[in-house]
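Beneath this line is the structure, given in structure tokens, with notes to follow.
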Amino acid sequence: MLKTAKLQKTDSDIKKAAHIIKKGGLVAFPTETVYGLGANGLDAVAAKRIYEAKGRPSDNPMILHIADISDIYDLAEDINDIEIKLAEMFWPGPLTIVFKRKPCVPDVTTGGLDTVGIRMPDNETARLLIRESGVPIAAPSANTSGKPSPTRPEHVLNDLDGRIDAIIYGGMCEVGVESTVVLAKKDEIVILRPGKITADDLKNATGVDVRVDSAIAIDRPAEQIAYKSTKQNAEDCDFKPMAPGMKYKHYAPDAQMLVFRGDESKVKEAIKSKRASLEAHGKKVGIIFFGNDNQEIAAHELFDKLREMDKNKVDFILAGAVSEDGIGYAVMNRLLKSAGYNIEDI
Ligand code: TXA
Ligand code: MG
């Protein structure tokens with residue numbers, strides 16, 4: 001059991017945190033999306049400690065966080081014009097670009113892939129920490145593997161207190177869902193994980209066609225995703241998303257969960273009547289309802305609400321869908337995963 005140092009976003013505490021990173025330790029820190037669990041991404045031993053602390057499968061690659069665009073040239077090669085354009089347009093910000101990696105990036109960090117995901121976070125504390133550490137910081141979300149990503153420092157401590165060296169407190173994350181992950185070819189951009197930066201944003205910025213990796217599209221036929229409620233991962237079926245992390249059971253609350261999608265007033269009615277029947281059977285019910293058009297608020301609060309449900313030990317969560325435009329697509333991706341794709345269209 002480690003003593004996890006509780007640090008503030010002051011210059012002297014950021015220096016302490018950077019010292020821990022330089023020595024091969026683990027520091028949780030705020031970003032604009034979710035809290036990250038950071039270590040020196042070029043140090044295989046340090047990076048391996050992240051997987052151990054999170055209980056994360058070792059084939060799931062980690063994102064390297066940088067503080068200046070020019071840092072990509074130390075880490076990636078064969079960089080194309082579209083990748084540069086995306087970095088210039090969207091960094092610092094919630095976009096991870098998957099590049100061909102240079103040999104200096106260890107296998108542990110990339111899960112053995114010959115590519116590396118890189119992003120420059122739009123959070124000053126995060127960038128100061130990276131600069132002060134003098135290395136790219138490998139950081140997955142700072143949660144126990146399988147749990148909702150942390151959007152508050154308390155979430156991180158619930159999962160990892162005593163398993164990491166330090167945390168920097170930085171309040172609640174603004175965006176609330178993780179970065180958009182993309183693979184950018186010269187003539188096509190593929191979204192490997194949806195986030196705040198949408199297909200339209202990417203298309204408008206580059207003029208290049210954008211598609212969503214078909215393995216993660218949220219309108220996949222139900223039979224193709226049926227395995228999800230029963231299996232921990234998809235090794236033994238044909239579900240092979242290009243971002244390995246998307247195949248794992250994720251964001252899972254302890255309770256069973258059902259999402260209703262459709263006209264807002266009908267969804268409210270459906271939740272009300274389902275709640276009554278569950279409560280009549282002695283079940284403790286929790287509700288997650290943002291309204292169809294409150295996608296940004298939904299993104300900001302979804303993971304916090306899911307964790308609240310666990311804390312309140314509810315047996316059943318009834319949720320309302322949000323519209324799939326803008327960040328709503330990313331919200332629905334997370335909501336459906338949380339619910340094991342248990343959705344009712346009404
Ligand atoms: O917003 C975020 O991206 C947060 C903050 C901390 O930056 N990080 C985060 O990391 O969500 P993580 O490890 O929880 O999720 C990274 C996702 C996974 O689905 C992983 O499989 C994918 O990105 N990924 C990372 N590197 C990749 C690569 N080289 N090729 C394909 N997918 C990659
Ligand atoms: Mg994660």
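Positions are given from 1, in the same order as the sequence printed here. Just so you know, these numbers use all the heavy atoms, side chains as well, and skip hydrogens, waters and symmetry mates.
Annotation: side-chain contact (heavy atoms from CB on, under 4.5 Å) contacts of Asp81 (sequence neighbours excluded): none. Legend: residues meeting ring pair (Phe, Tyr, Trp, His ring centres under 6.0 Å) with Phe303, ordered by chain and number and at least two apart, are Tyr251.
Residues Gly282 and Asp315 share a closest heavy-atom pair of O-OD2, 4.3 Å. Residues Ile20 and Ala166 share a closest heavy-atom pair of CD1-CB, 3.7 Å. Between Ala139 and His65 the shortest heavy-atom distance is O-CE1, 3.1 Å. Across all their heavy atoms, Gln295 and Val331 have their closest contact at O-CG2, 3.8 Å. The minimum heavy-atom distance linking Ala39 with Ile50 is given by the pair CB-CD1, 3.6 Å. When all heavy atoms are compared, the tightest approach of Lys85 to Ala205 is CE-O, 3.6 Å.
Cluster membership check: Met172 does not share its hydrophobic cluster with Val177, using side-chain heavy-atom separations under 4.5 Å among Ile, Leu, Val, Met, Phe, Trp and Tyr. In the hydrophobic clustering of this structure, Leu335 groups with Ile297; members are Ile, Leu, Val, Met, Phe, Trp, Tyr whose side-chain heavy atoms approach within less than 4.5 Å, directly or through other members.
Classification of Lys196 and Asp201 as a salt-bridged pair fails, no side-chain N sitting under 4.0 Å from a carboxylate O. In summary, Glu279 and Lys284 do not engage in a salt bridge, as defined by a charged side-chain N under 4.0 Å from a carboxylate O. Ion pair Lys6/Asp13 not flagged as a salt bridge, since none of the NZ, NE, NH1 or NH2 atoms sits closer than 4.0 Å to an Asp/Glu carboxylate oxygen. Between Arg307 and Asp159 there is a salt bridge, since at least one side-chain N of the basic residue sits less than 4.0 Å from a carboxylate O of the acidic one. One finds no salt bridge joining Arg101 and Asp114 here, because no Lys/Arg side-chain nitrogen approaches an Asp/Glu carboxylate oxygen to under 4.0 Å.
A donor-acceptor distance shorter than 3.5 angstrom exists from the side chain of Asn292 to the backbone of Gly262, with no hydrogens or angles considered. Distance alone, capped at 3.5 Å, places no donor-acceptor pair between the Arg119 side chain and the Leu64 backbone. Side chain of Ser338 to main chain of Arg334: a donor-acceptor pair is present (N/O by atom type, distance under 3.5 Å, no hydrogens or angles). The backbone N or O of Lys102 sits nowhere less than 3.5 Å from a side-chain atom of Glu77 that would complete a donor-acceptor pair. The closest donor-acceptor contact from the side chain of Lys185 to the backbone of Asn80 lies at 3.5 Å or more, if one exists at all. Listed for the Arg261 side chain is no donor-acceptor partner under 3.5 Å among the backbone atoms of Val322. In this structure, His155 contributes its side chain and Thr151 its backbone to a donor-acceptor pair below 3.5 Å. For Ser133 (side chain) and Val135 (main-chain N/O), no donor-acceptor pair under 3.5 Å exists by modelled atom type. Side chain of Arg131 to backbone of Ala67: a donor-acceptor contact under 3.5 angstrom is found. Side-chain atoms of Thr206 come within 3.5 Å of backbone atoms of Val208 as a donor-acceptor pair (strictly under, hydrogens ignored).
Side-chain atoms of Val98 and Val116, non-hydrogen and from C-beta on, never get closer than 4.5 Å to each other. No side-chain heavy atom of Lys9 sits under 4.5 Å from any side-chain heavy atom of Tyr169. Residues Trp91 and Ile69 are in side-chain contact: their nearest non-hydrogen atoms beyond the backbone lie under 4.5 Å apart. Between Ile271 and Ile287, the closest side-chain pair of non-hydrogen atoms falls below 4.5 Å. Side-chain contact between Leu318 and Arg275: present, with at least one pair of heavy atoms (C-beta onward) separated by less than 4.5 Å. Side-chain contact between Tyr35 and Pro153 is present, with at least one heavy-atom pair separated by less than 4.5 Å. With contacts defined as side-chain heavy-atom distances shorter than 4.5 Å, the pair Ile164/Val27 does not qualify. Annotation: side chain of Arg127 is in contact with side chain of Pro92 (closest heavy-atom distance under 4.5 Å).
Between Asp263 and Ser265, the side chains place a donor N or O and an acceptor N or O closer than 3.5 Å (distance only, hydrogens not considered). Between the side chains of Glu178 and Ser149, at least one donor-acceptor pair of N or O atoms lies under 3.5 Å.
Under a cut-off of 6.0 angstrom, the local environment of CG in Asp11 is sparse, with at most 12 non-hydrogen atoms contributed by other residues, nucleotides or ligands. The neighbour count for Glu124 CD, taken as heavy atoms of other residues, nucleotides or ligands under 6.0 Å away, does not exceed 12. More than 12 heavy atoms of other residues, nucleotides or ligands sit less than 6.0 Å from atom CD of Glu301. Around atom NZ of Lys22, more than 12 heavy atoms belonging to other residues, nucleotides or ligands sit under 6.0 Å away.
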| field | side-chain hydrogen bond (donor to acceptor under 3.5 Å, both in side chains) between Ser70 and Asp68, intermediate numbers included | value | CA-CA 5 Å; Ser70 58; Asp68 295 285; 5.6 Å; no
| request: Check the pair Leu258, Ile343 against side chain to side chain contact (heavy atoms under 4.5 Å, CB included), reporting the backbone distance first and the verdict last. | output: CA-CA 6 Å; Leu258 173 61; Ile343 185 160; 5.8 Å; no
| request: Walk me through it: do Thr96 and Ser179 pass the test side-chain hydrogen bond (donor to acceptor under 3.5 Å, both in side chains)? | output: CA-CA 6 Å; Thr96 296; Ser179 61; 2.8 Å; yes
| said: Checking Tyr329 against Val212 for the side chain to side chain contact (heavy atoms under 4.5 Å, CB included) test, could you report, in this order, the C-alpha distance in whole Å, the side-chain angles of both residues, the deciding distance, and whether it holds? | reply: CA-CA 11 Å; Tyr329 193 87; Val212 177; 3.9 Å; yes
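Cluster partners of Leu2, using a side-chain heavy-atom cutoff of under 4.5 Å among ILVMFWY residues and allowing indirect links: none.
Considering Lys147, Lys313, Lys311 in turn, Lys147 is the only one that fulfils the salt bridge (Lys or Arg N to Asp or Glu O under 4.0 Å) rule with Asp254.
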